[in-house]
Structures are given as structure tokens and as C-alpha cells.
Number of protein chains: 2
Amino acid sequence: MAKKPIPDIVVGRLPQYLRSVQRMAAQGRVVTSSQELGERLGISAAQIRKDLSQFGEFGKQGTGYQITFLIDQIRHILHVDKEWDVAIVGAGDVGSALARYKGFHNRGFRVAAIFDNDPEKVGSRVDSFTVLDTSRMVEEIRKAGIRIAMITTPAPAAQEVANMLIEAGVRAILNYAPISLNVPNNVRMQQIDPSIHLQRMTYYLD
Amino acid sequence: MAKKPIPDIVVGRLPQYLRSVQRMAAQGRVVTSSQELGERLGISAAQIRKDLSQFGEFGKQGTGYQITFLIDQIRHILHVDKEWDVAIVGAGDVGSALARYKGFHNRGFRVAAIFDNDPEKVGSRVDSFTVLDTSRMVEEIRKAGIRIAMITTPAPAAQEVANMLIEAGVRAILNYAPISLNVPNNVRMQQIDPSIHLQRMTYYLD
DNA sequence: TAGATTGTTAATCGATTAACAATC
DNA sequence: TAGATTGTTAATCGATTAACAATC
């Protein structure tokens, strides 16, 4: 009898919980409660308790949750108690900004390589990285054992890039190209398209 | 008797539908079906029909949906049948990449101004924009009637910036700072944090 | 007409909330 | 002990899917 899988919507909230308690820790806080976390995140306290209880008993009645302990537990659950190498494909403005981004530090990720197919860009420097040619991408990613990639190419190239990445062994793709990618079931994909996020909000504006 | 409001989760799918049919239109396609759209987006055909039918009868039995007509309808529903001015706060790598981003074109948005509080950056150029001082932000945004902003400041500054934006009349915020913002009910907020998106996927990686 | 596909209803499935005993 | 807060159950709420009459 297999254990019931955790709903993806619950998995999706864990990174928010983690970010919030890490922020509390940075401010020297020691314990928190489902109520406090809920207020910070706009989520009900009951939901937070239920989500966390799917993975274990992390709190104490009457007291709440020990922040450092909760951080360790969530990092472990999300597999970010290690640093993952991440490849960036596309050395334009967005790819370069991601290569320089300081926000991956302590969150479980490290940019490992950046690729582009433009001969003008290949060999140039972005932050501490030398831009590599996309023609070598499958080989390099496979050799380095990279499992995570971010696509920042123009939309028309994105699907082919995704196919190459998957062939190379990548199993999680964060797609900044404004196009819906098709990936097999054993590959995770998330999309970031600022226009889509904005359009979701303009519905509510007059 | 008030009409039932559209669930936000339905609103959230409309921009995806729009992007997909706009892509089809760019390829010269004339009609599509809920089935085809569903396959492209990984959403069931029944769901797409149900979502669209909340707003009107946009299709024809036996035929499907006229692409140009569907585009017009969704653009109208989402209020992107006009161009919204958008302010950017934070002229770092991410803010600059957004200022230069070509992907807002034809999606309903136009960057109108970029602000920073760093004297080194104020007055400098980013794309065709001159970076303005944050101290003038409330005044400038109010004067220009800007209703939408993107925050790309460091996390510690983001909440205060959000408060200022709201005071200035902004009602939709796309937040790139890695911190959970609290905004009143009459303000929409969306968060983009690449680490959070990545962490949501590493759960599934070994 | 025959085939295809919509819009919609009812059934199913899943997620959220309320409530409270347990217990720190 | 008294007060606070968890973990969990049952109830509620909401979203998705299946199915099909309507109709192009």
C-alpha cells in the first residue's frame, strides 16, 4: 500500500513557509506559530498546520514551532539542504540578470553555466561566467550532472532548447520564454512571464 | 441579486489562453478548439470550455473558436485592450532587464518610468529611461495616473516601497523582491521569486 | 446528412476551514 | 494550574471532469 502523495499545491506553499521563517531567523526570532505565519503570508493558520503535519509533528502545543528546527525540516523536505547547480540558457538581459542575481544564495541553488547560440556572445563574460556555445550544451550539462535549468531565450527557440535540456538529463525547468512548453511527465516545469502575471491583475482594475 | 464573481483561478488561466491563441494567430491560424488549446496548455478541454463560457458563448458547435474573435474577447475581459503604464522601482539588474524587456509589447503594458534611491543611479539612463529619484515617486506616479508597478528592490526596502506605491494610487503590484508583501484588499499583488519556483520543483528531484 | 464540437448539468474529486481534544 | 497552540477529524466549500443534448 503506497503512501498518499503530497498534493502539489501543498508542495507549492512550502517554499513560502521556508522563506518566511528564514526571514524570522535572520531577525533573531526563535519560535513562531501557525497564526503568525498565516498573518504574514495571508494563509489561514489551520492550513499551515495541516500542510506541515503532512510531513511530521514539527510543533509543540502551547508553544508553536522552533524556527531553526522548522527551517531544517522544510529544507530537507524540499531537497534544498544541498546546493543544486543550475544552467541558464540565453545570455540576454534576463539571462544575464539571473547569472548576477544574488538571491539564490542560501536558497539551495548556484548558477553553474550560461549558454547562448549567438557567436557575438559566446566567449564573452557575464558576471564570473564565460558564455558557452549552445552546441556544446547537451554534452556540458550531462558531464556536469546538472538537473535544473532556466530558459531565457526568445519564444521560438524555447521548445527546442527544452528538448535538448531534457535529453541532457535536466529534470526541472524554469521557463522565462513567453510560450507554453511541453515536457514529459518526469520533468517539472514552471513558467515566469511578467505579462501573464500582470494580465491576471488587470482583470480587477477598472 | 449580484452576479457570482468569477473565481480567481479562472481569471488566472485566461492570460494563458490569450497567449496561446495569440501565438496561433501569429502563425496564421484561423480557428481552434478546446481540445487543441488543452493539449497545448496541459489543461482539459472541458475546463477550457467551462472557463470561457463564464464570460459568454465564444465558440460554435462543430467548428470551435474563431481565433481573432477569441483574442478580442479575452483582451477585453482582462482589460488589456488598452496599454497600461507600468512603473519599475529598483534600477538594479532585474529592474533594468525589465525596462529593456521587449515582451510587454502587444500584451497590454508599457514601461513608463523607473525609480531608484541610489544617488549613483538617479539620473543615469536605462534603455530610453532616465532613472528618477524614489523621493519623487509618489508625486510622479500620482501625476501620471500609473496604476501598476513592479518592485525590484532588495527585500528590506520592498514593503515600504509597496506602501508608497499604494499611497500614490497603484492598485496592482508585481513583486520581484524575495519577501512576502502585505497589501490591502483593494490592491492586487503577485510574486515572482525564482528561488521559490525552483524549490517547488526540487521536491520532486532525488 | 454525418461529423464535430460547443455549452452546460450533474457527479466526482480535492482543498479549505472549523472545531476541539491533547498537551506543552 | 491556566493559557496557548498544536495535530487531526469531520464538515464545508469549491474546482474539475464526464457526459450529452444542442447545433453548426
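Chain letters run A, B, ... following the sequence lines, proteins first, then strands; residues in each count from 1. Quantities reported herein were computed from a predicted structural model and do not represent experimental measurements.
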Q | Close side-chain approach of A:Ile77 to A:Leu14, heavy-atom, < 4.5 Å | A | yes

So, is [X] close to the [N] phosphate, meaning a side-chain N or O under 4.0 Å from OP1 or OP2?
X	N	result
B:Ser34	C:dT6	yes
A:Arg13	C:dA15	no
B:Tyr65	C:dA4	no

Between [X] and [Y], does any side-chain donor sit less than 3.5 Å from a side-chain acceptor?
X	Y	value
B:Asn186	A:Tyr204	no
A:Asp193	A:Tyr176	no
A:Gln47	A:Arg13	yes
B:Ser34	B:Arg49	yes
A:Gln159	A:Asn163	yes

Q. Got a donor-acceptor contact below 3.5 angstrom from the B:Asn175 side chain to the B:Ala177 backbone?
A. yes

Q: Report the relative orientation of the aromatic rings in B:His79 and A:Tyr203; use parallel for angles under 30°, tilted for 30 to 60°, perpendicular for over 60°.
A: parallel

Given atom [atom1] of [X] and atom [atom2] of [N], what is their separation to the nearest angstrom?
X	N	atom1	atom2	value
B:Ile9	C:dG14	CD1	P	14 Å
A:Gln54	D:dT8	CD	C1'	11 Å
A:Phe58	D:dT6	CZ	C1'	13 Å
B:Ile48	C:dT5	CD1	C1'	13 Å
B:Asp51	C:dT8	CG	P	13 Å
A:Leu52	D:dT8	CG	C1'	14 Å
B:Leu37	C:dT5	CG	P	13 Å
A:Leu70	D:dT5	CG	C1'	14 Å

Q. Just by protein heavy atoms under 4.0 Å, how would nucleotides 17-24 of chain D read 5' to 3' in B, S and -?
A. BBB--BBB

Q) For B:Gln35 and B:Ser53, take the nucleotide of DNA chain C holding the closest heavy atom to each; which residue's nucleotide lies nearer the 5' end? A) B:Gln35

(Q) Looking at A:Glu160, I want to see if its CD is surrounded by more than 12 non-hydrogen atoms of other residues, nucleotides or ligands under 6.0 Å. (A) no

Q | Contiguous Watson-Crick or G-U pair runs (3 or more, under 3.5 Å) in DNA chain C | A | C:3-24 with D:3-24

